[in-house]
Amino acid sequence: MLDKAYDAKKYEDAIYMKWEDSGAFKADANSKKPPFTISMPPPNATGQLHLGHAIMLALEDILIRHRRMKGYEALWLPGTDHAAIATQNKVEKVLAEEGITREQLGRESFLGRVREYVANSQDIIRNQVRKMGSSCDWSRERYTLDDDLNTAVNEVFVRMFEDGLIYRGHRIVNWCTRCSSTLADDEVEYVEAQSSFYYIKYGPVTIGTARPETKFADKVVIVHPDDERYKDYVGKEIEIDWIDGKIKAKFIADKEADMEMGSGAMTITPAHSFVDFDLAQKYKLEVMPIIDTDGKMLPVAGEFAGMDALECRGKLVKKMDKLGLLESIDENYSHNLSVCYRCNTAVQPLVSNQWFIDVNKKIKSLGGKSIKQKSVEVVKKKEIEIIPNRFDKTYFHWMDNLRDWCISRQIWWGHRVPVWYCVGDEKCKPSCKNPIVSRETPKECPHCKSKNLKQDEDTLDTWFSSGLWTFSTLGWPEKTADFKKFHPTSVLETGYDILFFWVARMIIMTTYATGEIPFEKVYLHGLIRDKEGRKMSKSLGNGIDPIEMIEKFGTDALRMSMVIGNTPGNDMRLYEEKIMAYRNFTNKLWNASRFVIGIFEEKGIKKAPELDLGSLSDADEWILSKTYSTISAVDDALMNYRISEAGQLLYDFLWNDFCDWYLELSKGDKQNIAVLYHVLSTTLKLLHPIIPFVTEQIWTELPGSSGMLITEPYPEPLDRDFDADSIDLVTEVISAIRRMRAENKIQAADKIPVVLYGHKEMHALEKNMAELVRLARISELTLKDDGPKLPGAATDVAAGVDILIPLAGLVDTEKEKIRLKKEIDNLAKYIATLSGKLSNKNFVQNAPKAVVEGEQKKLADAEVRMNKMKEQVDNL
RNA sequence: GGGCGCUUAGCUCAGUUGGUUAGAGCGUCUGGUUUACACCCAGAAGGUCAGAGGUUCGACUCCUCUAGCGCCCACCA
C-alpha cells in the first residue's frame, strides 16, 4: 500500500540512481532510430546551481524524455564551462582573502589553484544537475578545457588563421583595468552615472568632454561639412593654445560631427574612443595612447605621467582653469558609463595589440560569404528557427552591426592562444618575427630552426570555445560516429540573455568550422524573477535556491511550477505558493494512483488487465475519449515546443476528468479494472517527461510492472472513436443539481428526490441512473420523457433536460425567485445578442455554415431554457 | 535615437491560424470527512480583455494611434 501522502524526498535519489545505473540515459551512435540531440548549455564550473539552470534543465529534460519515449535516439550531452574571466575572478577573490595576488603565485601555481577550485565546483554542479532529474548522458560529459576540446579550439583557430579570418593588430579594444584584460563588445555593460561635463576652449571652438584627461594629444577638430560656422577652417591647420603650450590643430569636415550638439565641433582621441579610432583610420591620423593598461597616464601627459587617470582629471581641470582654457562645468551630466560585465569596473577603450576575428572577410569555404553573412543566411533561410521568432529581429540587428571580434584575453585561465614566437637566437632572420600558428606546440622555428620559442601569453575569449560546443563535444575534428549521428543538434534551449554571447557565436563558429548548422531550433526561455517581478540577485537576497525548493516540495513540483504558465521568451515570477500548487498536483496523482492500486490489491490483480473494447460503460467510453484526445493534444504540443500547454492539458485531464469525474463514477457497480489500469498507466506515461520521479515511483507499484517507465514507449492514439456525449450530458445534469442544492442550502449529507424530464436525452439518462443518484445524492430519482410542472419545486434546465427538485420544504421560495429572475435577465441579454447576430444577413451569408448553425442551436437552447425559467417563476 | 515585449478576475498568468455567455492556479465567500487525497471535495462571487480609432458579418485575437511599465541595442565629442 502506498503512503497517504507522496513524500518526494523518500524516493527521488534512489530513482535517479536506478535510471542512471540502468544505462537509460546513454545514447547509441550506432542506433537506427532517428536522432534527437540537445547539447546542454554548460553551467560555469564555479559555484552553485541557480534557477536559471533549473528551468533550463527542466525544459530540456522534458523534451529529451518525450522524444526518448517516442522512439528517438535521444542524446542529451552534459558538461561544464571553464568560464575564463568569471572563474579567474572567483579564485582571485579567494586568494585575496589569503592576502596573495595571482602575480605573487605565478602562472602555473595559480592555474593549479583554479583547477582545484573547479574540480570541487564541478562535483557540486554534477550532483545538482542530477537532483533536477536530468536524464543526460553522463558517459559523454565534457568540459571546455578537456584535451580533445582544446584540440578542437586549436584546430578552428589555425583554420581561421589560414583563411585570413584571424589576424593580430593594434586596434581599439574595451579594456577592463581591474581584470587587466580586453573584453568583447557585448561583454561591456552600461550603467547610468552622474558626472561632470567640461566645456573647454580649443582655439576658435569650444569642445565638451566628460573625460578631459584623454585630451592631451587631441590635434584634430571634426566639424560637419554643412556647418557654416566652421567652413573657413576646414582643411586648414591652426595654431592654438593647449595644455602644454601651442599646438597645431587640423580641421576636418565629416558627417560624424553633430551640428546640434554643443558647439558642433569636436576633437578626437583615437586611442580611447571607438568612433574616434574609426575616424583616425579613415583619415590616416596618428593614434597616440594617453592612458596605459593599468589606467595610468602615459608620458604624453607631461607632469601628470604615471598618475591615475581619475586623479589626473581633477588636477588637469585646475590647470586648464588657470590657463583660461576651462569655460564651464556642467555638474549634473548623466551618461552611460561602460563597465565590465564580470566585475563592474569602468571600461577604458584603448589601443592594444590583440587577436581578432574578421567578421566581414569573404571566404571561399562559405561560398564567398563572410561568417557574418553566413550566420544571417541560415536564420533567414529558416535552417535555424528561433522560438519565439520575434528574436529573429534582435539577432539580425546584432549580426548586421557586429564588429571584428577581439578574441584574446590577458588572463591566465583559459585556452592559451596557439601561437608561438621565435625569441632571441643569433641566427634569427627578420621573417622569424612572424608568429608561428600551430595546432601543436612547435619544436623549432621554421625559419631559423631555433628551439627557443615562446607561446603567446594570452588566452582565448571563453565564448570562442563555447562557440564550438555542439561539435567539439562530439569528437570533432575527428569524423566520429557521434558527430555523424548527433550533429547538427536538434534544439538549443537557453535563456534569451545569452542570445548574443553564446547562441550567435555558436552559429558563427559552427557554420564556419563544420559547414553545418549547430542546431535546428533555438528555444529561448525567459528569466525567472521574484514575486515582485524583480531580478533575483545576491545583493537583494531575494533569490530562491532550487535545491532548497527540491528539499521542501520535491523536484517534480519545482519542474512543473517553472514550466506551466510560462511562454518562451517571457520572464516569469516564481515563489513558494506556486511550487506548492504543483506539489499538490503530484500528491493528487499519487492519491489517485493509491486509490486505483488499492482496488487492484483488493481484487487480487497481479498483472496488467487486458482492455476489452467490446464491453465499455458510458463512463469508460467517456474517459477513453478524453484520454485519447489528451494524448494527441499533449504530443502535438510537445513536438511543437508548446511545453506549458502540454503541462496544462495534463493537469486538467488528471485532476478534472480523471479524478473528479471518472474515479467518482468508477466507485459504482460498473467499475472496469482494465480501463482504470489503462488510463492510469497512460497518464503516467504522458506525465513522465514533466514529473519523472513520482510517475516512475507509481509505475513500479502497478501490478505486473516490470522495467522502468523512462524506457516505456509513448502512448499512441487508437484507431477507434469513443463516445463522450452521454457522460458529458450526465455530468452537466449532476452539476446543475449540485448547484441547485447549494443555492437552496440543502445539506450535503441530505439526499433529495429529483425528477428529470429527459426529452431527447432519455437513453443516456436511463443508462446512467445509478451514477446520477450517487453523485447528485438523490434519494428517489423519477425519470420521464416529459411531465407537468411541479408546484413549489426548484427547476432548472441543463443540456435539454428539465430538472425538478420537488421537496417543498427544502426549497426556499424567495431565494429561488431571486435566482430565477437573475437567470432570466441573463438569458434575455444572451438571446438578444444571439438573435441580433442571426438576423444580420451579412453574418448568415459570410460566416461558415458550422458557425451559423452553432449560433442557431445556442439560440434555440437559450429560448427553451428561458421559457422554462419563466414558467417556473409563475409556478412558485 | 532604433528595436522588442507587457498591460486579461484581488494576485500570478494561459488564451494555437479572428467565430467560447473570456479560462486556470492562488486568494475570498458558502457548505462539507461520502470506498484515494484537507497537499482534499461540492458550490459561488469576481473581468466594458490599458484607452481611442479602424478593418470585418464578427476583434482579447489583425491594423493605426495614445498612455503606463519593462527589456535589448546604439549614442553620449
Side-chain angles (χ1 to χ4, degrees), chain A residues 2 4-6 186 190 197 207-211 215 218 221-222 256-258 261-269 273 275-276 333-337 388 390-391 393-394 397-398 401 496-497 499-500 526-527 531 533 553 557 564-567 569-575 577-578 580-599 602 636-637 640 642 644-645 648 651-652 659-660 663-664 667 735 738-743 745-749 774-775 777 826-827 829-830 833-834 837 840-848 850-852 854-855 858 862:
Chain A
L2 273 59
K4 199 168 172 184
Y6 175 62
D186 46 327
Y190 296 91
F197 192 76
I207 58 168
T209 181
R211 297 191 302 157
K215 296 281 160 200
D218 283 17
V221 181
I222 306 288
E256 253 333 292
D258 181 353
M261 198 155 202
S263 64
M266 63 176 181
T267 63
I268 60 167
T269 312
S273 154
V275 178
D276 296 2
Y333 177 67
S334 75
H335 64 136
N336 286 332
L337 186 67
R390 66 182 135 91
F391 282 97
K393 251 189 185 169
T394 322
H397 183 260
W398 187 83
N401 292 291
Y496 66 74
D497 52 329
L499 178 62
F500 304 141
L527 270 41
K531 200 172 182 177
F553 302 110
I564 290 188
N566 177 237
T567 40
N570 286 353
D571 294 352
M572 80 175 306
R573 302 182 191 203
L574 190 70
Y575 38 88
E577 294 92 310
K578 214 175 207 172
M580 205 191 302
Y582 295 102
R583 188 272 318 265
N584 295 351
F585 178 79
T586 59
N587 190 54
K588 186 75 181 173
L589 174 65
W590 179 260
N591 270 290
S593 309
R594 180 168 168 254
F595 174 67
V596 173
I597 290 167
I599 294 171
E602 224 172 83
D636 182 66
N640 292 293
R642 300 191 312 270
S644 169
E645 190 187 320
Q648 191 67 57
Y651 186 105
D652 292 342
C659 291
D660 289 348
L663 287 187
E664 293 307 319
K667 288 174 184 172
S735 292
R738 284 173 175 172
R739 204 178 310 125
M740 291 161 75
R741 294 176 54 115
E743 277 161 3
K745 301 264 182 255
I746 295 167
Q747 287 295 307
R774 210 175 59 253
L775 296 184
R777 300 194 65 75
N826 236 343
L827 281 167
K829 277 183 213 155
Y830 185 39
T833 318
L834 286 170
K837 225 179 194 179
N840 182 339
K841 270 186 211 154
N842 288 322
F843 171 71
V844 180
Q845 276 168 14
N846 294 328
V851 173
V852 178
E855 300 298 300
K858 282 182 201 165

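To find a chain, count down the sequence lines: A is the first, B the second, and so on, and within it residues start at 1.
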Distance-only check: which donor-acceptor pairs under 3.5 Å involve side-chain atoms of residues 591-599 of chain A, not counting sequence neighbours?
residue, atom, partner, partner atom, Å
A:Asn591, OD1, A:Arg594, NH1, 3.2
A:Asn591, ND2, A:Lys4, O, 3.2
A:Asn591, ND2, A:Asn587, O, 3.2
A:Asn591, ND2, A:Asn587, OD1, 3.4
A:Ser593, OG, A:Leu589, O, 2.7
A:Arg594, NE, A:Leu2, O, 3.3

Selection from [options] that lies nearest to any side-chain heavy atom of [X]:
X	options	result
A:Thr394	B:rC72, B:rC76, B:rU16	B:rC72
A:Tyr830	B:rC6, B:rU21, B:rA74	B:rU21
A:Tyr190	B:rA74, B:rU21, B:rA24	B:rA74
A:Phe500	B:rU16, B:rG43, B:rC72	B:rC72
A:Lys578	B:rA14, B:rC76, B:rU12	B:rU12

To the nearest 0.5 Å, tell me how far A:Leu527 CG sits from A:Asp571 CG.
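Output value for this atom pair is 5.0 Å.
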
Donor-acceptor contact present, side-chain A:Arg738 to main-chain A:Arg777, <3.5 Å
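Checked: no pair found.
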
Are the side chain of A:Ser263 and the backbone N or O of A:Ile207 linked by a donor-acceptor pair below 3.5 Å?
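Not a single qualifying donor-acceptor pair exists.
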
Verify the contact: side-chain N or O of [X] to OP1 or OP2 of [N], cut-off strictly under 4.0 Å; return yes or no.
X	N	answer
A:Thr567	B:rA14	yes
A:Lys393	B:rC4	yes
A:Arg739	B:rG43	no
A:Ser735	B:rG43	yes

Tell me the interatomic distance from [X], atom [atom1], to [N], atom [atom2], rounded to whole angstroms.
X	N	atom1	atom2	result
A:Phe553	B:rG25	CZ	P	19 Å
A:Asn566	B:rC13	CG	C1'	9 Å
A:Leu527	B:rC72	CG	C1'	12 Å
A:Asp497	B:rC73	CG	P	11 Å
A:Leu499	B:rG3	CG	C1'	13 Å
A:Ile222	B:rC76	CD1	C1'	17 Å
A:Ile564	B:rG25	CD1	P	12 Å
A:Lys829	B:rA22	NZ	P	12 Å

Classify A:Tyr575 by what it touches in the nucleic acid, base, sugar-phosphate, or nothing, heavy-atom distance under 4.0 Å.
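It contacts sugar-phosphate atoms only.
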
If you look at every strand shown and take non-hydrogen atoms under 4.0 Å, does A:Tyr333 touch a base, only sugar-phosphate, or nothing?
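Sugar-phosphate contact only.
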
Do A:Lys858 and A:Lys837 come close enough that some side-chain heavy atom pair is under 4.5 Å?
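Of all side-chain heavy-atom pairs linking A:Lys837 with A:Lys858, none is under 4.5 Å.
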
With nearest nucleotides of RNA chain B determined for A:Tyr6 and A:Asp276 from heavy-atom distances, which residue corresponds to the more 5′ nucleotide?
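Mapping each residue to its closest nucleotide by heavy atoms, the 5'-most match is A:Tyr6.
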
So which one's nearest nucleotide on RNA chain B is more toward 5', A:His397 or A:His335?
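That would be A:His397.
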
For A:Lys531, all residues meeting side-chain hydrogen bond (donor to acceptor under 3.5 Å, both in side chains), sequence neighbours excluded:
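Checked A:Lys531 against side-chain hydrogen bond (donor to acceptor under 3.5 Å, both in side chains); matches are A:Glu577.
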
Name all residues meeting the side chain to side chain contact (heavy atoms under 4.5 Å, CB included) criterion together with [X]; count only those two or more places apart in sequence or in a different chain, and write none if there are none.
X	value
A:Asn401	A:His397
A:Ala257	A:Ile222, A:His224
A:Asp636	A:Asn640, A:Arg642

Based on Watson-Crick and G-U pairs with both distances under 3.5 Å, what dot-bracket line describes RNA chain B 5' to 3', crossing pairs as [ ] and inter-strand pairs as |?
(((((((..((((.....[...)))).(((((.......))))).....(((((..]....))))))))))))....

Rounded [atom1] spacing from [N] to [M] in Å:
N	M	atom1	answer
B:rA24	B:rC65	C1'	33 Å
B:rU30	B:rU35	P	26 Å
B:rU34	B:rC41	C1'	9 Å

For [X], check ring pair (Phe, Tyr, Trp, His ring centres under 6.0 Å) against everything at least two apart and list the hits.
X	answer
A:Phe500	A:Trp398
A:His335	A:Tyr333
A:Tyr6	A:Tyr11, A:Trp590

Set of residues satisfying salt bridge (charged side-chain N to carboxylate O under 4.0 Å, His left out) with respect to A:Lys829, sequence neighbours excluded:
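Not a single residue meets the salt bridge (charged side-chain N to carboxylate O under 4.0 Å, His left out) criterion with A:Lys829.
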
Can you check each nucleotide of nucleotides 27-38 of chain B against protein heavy atoms at under 4.0 Å and return B for base, S for sugar-phosphate only, - for none, in 5' to 3' order?
---S-S-BBBBS

For nucleotides 53-57 of chain B, list the nitrogen or oxygen atoms of the protein found under 3.5 Å from its nitrogen or oxygen atoms, one pair per line.
residue, atom, partner, partner atom, Å
B:rC57, O2', A:Asn840, ND2, 2.9

